[in-house]
Amino acid sequence: MKKNQIKTVKGFNEVLPPESFRWRLVEDKFRNLLEGYGFAEMRLALLEPTELFSRSIGGETDIVEKEMYTFSDRSERSLTLRPEGTASVVRAFNQYSLGKISEINKLYYVGPMFRYERPQKGRYRQFHQLGAEVFGEASFYQDAETLVMLAQFFQALSIDGIILQLNSLGCEDCRPAFREQLQSFLLERESLLCGDCQRRIKENPLRALDCKNPSCREVVVDAPQINESLCGDCREHFSGLCGLLDDVGLDYQINSKLVRGLDYYTRTTFEFLAGDLGAQNAVAAGGRYDRLVEELGGKMTPAFGFAIGFERLMMLAGDKLGPLSSPFVTLIPLDEEALRRLFPIYVKLNRDAGIATLGLQQKSLKSQLKKADKDGAKYALIIGPDELEKGVAICRNMQTKEQTGIAFTELEETLRRLYQD
RNA sequence: GUGGGUAUAGCUCAGUUGGUUAGAGCGUAGGAUUGUGGCUCCUGAGGCCGAGGGUUCGACCCCCUCUACUCACCCCA
């Protein structure tokens, strides 16, 4: 490590080859699956007015209070690097009146998010999410469709051992009553709670349910259960969802202590948990947020969404991904004249598809073949002084070691035909 | 923000109770009779031993400070 070496900002996660190939494989699977379900991609701003997040995520949440990259630009506007995707999608949904274009909108996004936290395994300051949102559908069928789709995604990546946990947070009709009930329960036991939870009693008592402090957990065991105070509609929604999941055979656990760190959720919330991830074990999470569109100035529109942590997903996907792409043919010139001859063919072969590789340096046949082998090329095309004289190149099948001649005039055509097969 | 661990070659790691030219495996470059890959063998390149200071005749090793990385708390995807 040199003294004046410039390095990335702490916690900013970069993806290099060959990892970047694996990322794209997974990303492509995600896109294909979602587009099959009728989702369309959004490419949104990375920088937003700070107010967007304090209004959507909630001003009292940890994310907004202490984890955002917030700064003033040159005209003293307060801007924030997005810490999550939902707020921006909802902002765009309203800004472009997407609800008027079609009644139901299914949107997805892929990209970096930013949170100023202490980095650790599966948690970075610049991290990546695959996320999706559905607007305009209030029925539990939508919840089920999205959850099943997510499960299918994990399955497609051969990731197993993921547990789906579900809960319902109720709606504006039934949550306030529960909140009060929980509040008084916690107040009676205030002395047993950790400092954070004592503060949470006032601001956000639901968060106490989620606290990892042992003594808090003990207190909370006997706490009132949200699912016992749900109103009729919420109860119906939740049991409807569970029934549907049973029908399609998707396993889940109901976790009445599951709450979300973002304030906008209503009714269904969920997490997909993976044991192999260490302390940061949620690989995907989300839920229903029927009030957020309205709160951000739009028309009352029910919505459901989720986000997947890309880095965490890739830790789980491990080596189970298929082999990376390899070149079809490696062009091997043995001297400058041969290189000169091959260069135009090389660029023509790659015009519309990556068919060929060509080393631009003068190297021995031996080392060029070695490289072709290492890259996994199917054919090697050799041209040296002998071939130049005859006007015929040697085409070597790297697996069978068979060699055939191809006239220079037919090189492009012949290689293209071989590639097609 | 609070703790613990680590810092030696591109990567994964040895190392000397302080002593002269700092090691291995992998990777990389080249070679093993003239122009033919994978296995094997040989050779080479590549490190002011995280940074700064101190103790000492002498520090990669001991002491102090800093920084980075990492794991955990917190929180979350």
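Everything numeric here is computed off the predicted structure, so don't read it as measured data. Letters A, B, ... mirror the listed sequences (proteins, then strands); counts begin at 1.
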In Watson-Crick or G-U wobble terms, with both distances under 3.5 Å, the base opposite A7(B) is U67(B)

Test item: Asp290(A) side-chain N/O and Ala303(A) main-chain N/O as donor-acceptor pair under 3.5 Å:
yes

Answer for the Watson-Crick or wobble partner of G1(B), both distances under 3.5 Å, is C73(B)

Return the nucleotide paired to C62(B): Watson-Crick means purine N1 to pyrimidine N3 with N6-O4 or O6-N4, wobble means G-U with N1-O2 and O6-N3, both under 3.5 Å.
G54(B)

Can you measure Leu150(A) atom CG to A77(B) atom P for me and round it to whole angstrom units?
13 Å

Should C48(B) form a Watson-Crick or G-U wobble pair with both distances under 3.5 Å, which nucleotide is its partner?
none

5'-most contact on RNA chain B (nearest-nucleotide basis), Gln129(A) vs Arg123(A), goes to Arg123(A)

Roughly how many Å apart are C73(B) and U65(B), using the P atom of each and rounding to a whole number?
27 Å

Just checking Asp73(A): does its CG atom have more than 12 heavy atoms from other residues, nucleotides or ligands closer to it than 6.0 angstrom?
yes

Just how far, in rounded Å, is C1' of C76(B) from CE of Met315(A)?
13 Å

With both distances kept under 3.5 Å, what pairs with G30(B), Watson-Crick or G-U wobble?
C42(B)

Whole-Å P distance, G58(B) and C74(B)
50 Å

Aromatic plane relationship, Tyr346(A) with Phe343(A) - under 30° parallel, 30 to 60° tilted, over 60° perpendicular:
tilted

Regarding Thr146(A) and Gln142(A), do their side chains bring together a donor and an acceptor under 3.5 Å, going by distance alone?
yes

For a quick check under 3.5 Å, do Gln368(A) and Thr330(A) share a side-chain donor-acceptor pair by atom type?
no

Sidechain N-carboxylate O distance under 4.0 Å for Lys106(A), Glu145(A):
yes

With rounding to whole Å, what would you report as the distance between A7(B) and A14(B) at their C1' atoms?
15 Å

Counter-base of U21(B), judged by Watson-Crick or G-U geometry with both distances under 3.5 Å
none

What is the separation between atom CD on Gln361(A) and atom P on U28(B), rounded to the nearest whole Å?
15 Å

Could you tell me whether the side chain of Gln120(A) has a donor or acceptor atom within less than 3.5 Å of a complementary atom in the base of C74(B)?
yes

Rounding to an integer number of angstrom, what distance separates U12(B) and C39(B) when you compare their C1' atoms?
24 Å

Planes under 30° and centres closer than 5.5 Å, is that true for Phe310(A) with the base of A77(B)?
no

Rounded distance in Å between the P positions of C26(B) and U67(B)
39 Å

G-U wobble or Watson-Crick pairing nucleotide for A14(B) (cut-off 3.5 Å, both distances)
none

Quote, to the nearest angstrom, the C1' distance that separates C48(B) from U43(B).
26 Å

In whole Å, what separates the C1' atom of C49(B) from that of U16(B)?
13 Å

In terms of side-chain geometry, is the basic nitrogen of Glu294(A) or Arg291(A) positioned less than 4.0 Å from the acidic oxygen of its partner?
yes

Is the side chain of Glu387(A) donor-acceptor paired with the backbone N or O of Gly384(A) at a distance under 3.5 Å, no angle test?
yes

If I take atom CD1 in residue Ile63(A) and atom P in nucleotide G1(B), what distance separates them, rounded to the nearest angstrom?
19 Å

Whole-Å gap separating P (A77(B)) and CD1 (Ile308(A))
13 Å

Could you tell me the separation between the CG atom of Leu130(A) and the C1' atom of A77(B), rounded to a whole number of Å?
10 Å

Using heavy-atom distances to pick each residue's nearest nucleotide on RNA chain B, tell me which of Val283(A) and Thr8(A) is more 5'.
Thr8(A)

Rounded to whole Å, please give me the gap between NZ in Lys10(A) and P in U67(B).
9 Å

Are OP1 or OP2 of A72(B) and a side-chain N or O of Lys121(A) less than 4.0 angstrom apart?
no

Take atom P in A9(B) and the same atom in C61(B), then report the distance between them in whole Å.
15 Å

Between U70(B) (P) and Glu117(A) (CD): distance, integer Å:
14 Å

Geometric class of the Phe153(A)/Phe30(A) ring pair [parallel <30°, tilted 30-60°, perpendicular >60°]
perpendicular

Have a look at Phe272(A) and say if it touches a base, only the backbone sugar-phosphate, or nothing, with a 4.0 Å heavy-atom cut-off.
nothing

Which class fits the ring pair Phe135(A) and Phe93(A): parallel under 30°, tilted 30 to 60°, perpendicular over 60°?
parallel

Donor-acceptor pair under 3.5 Å: do we get one between Arg118(A)'s side chain and the base of C76(B)?
no

May I ask you to say what Gly122(A) touches in the nucleic acid, namely base, sugar-phosphate or nothing, with a heavy-atom cut-off under 4.0 Å?
base

According to the Watson-Crick and G-U wobble definitions, with both distances under 3.5 Å, which nucleotide is paired to U36(B)?
none

Counting primed atoms plus P, OP1 and OP2 as sugar-phosphate and everything else as base, spell out the protein contacts along nucleotides 29-39 of chain B at 4.0 Å heavy-atom distance: B, S or - for each nucleotide, 5' to 3'.
-SSB--BBBB-

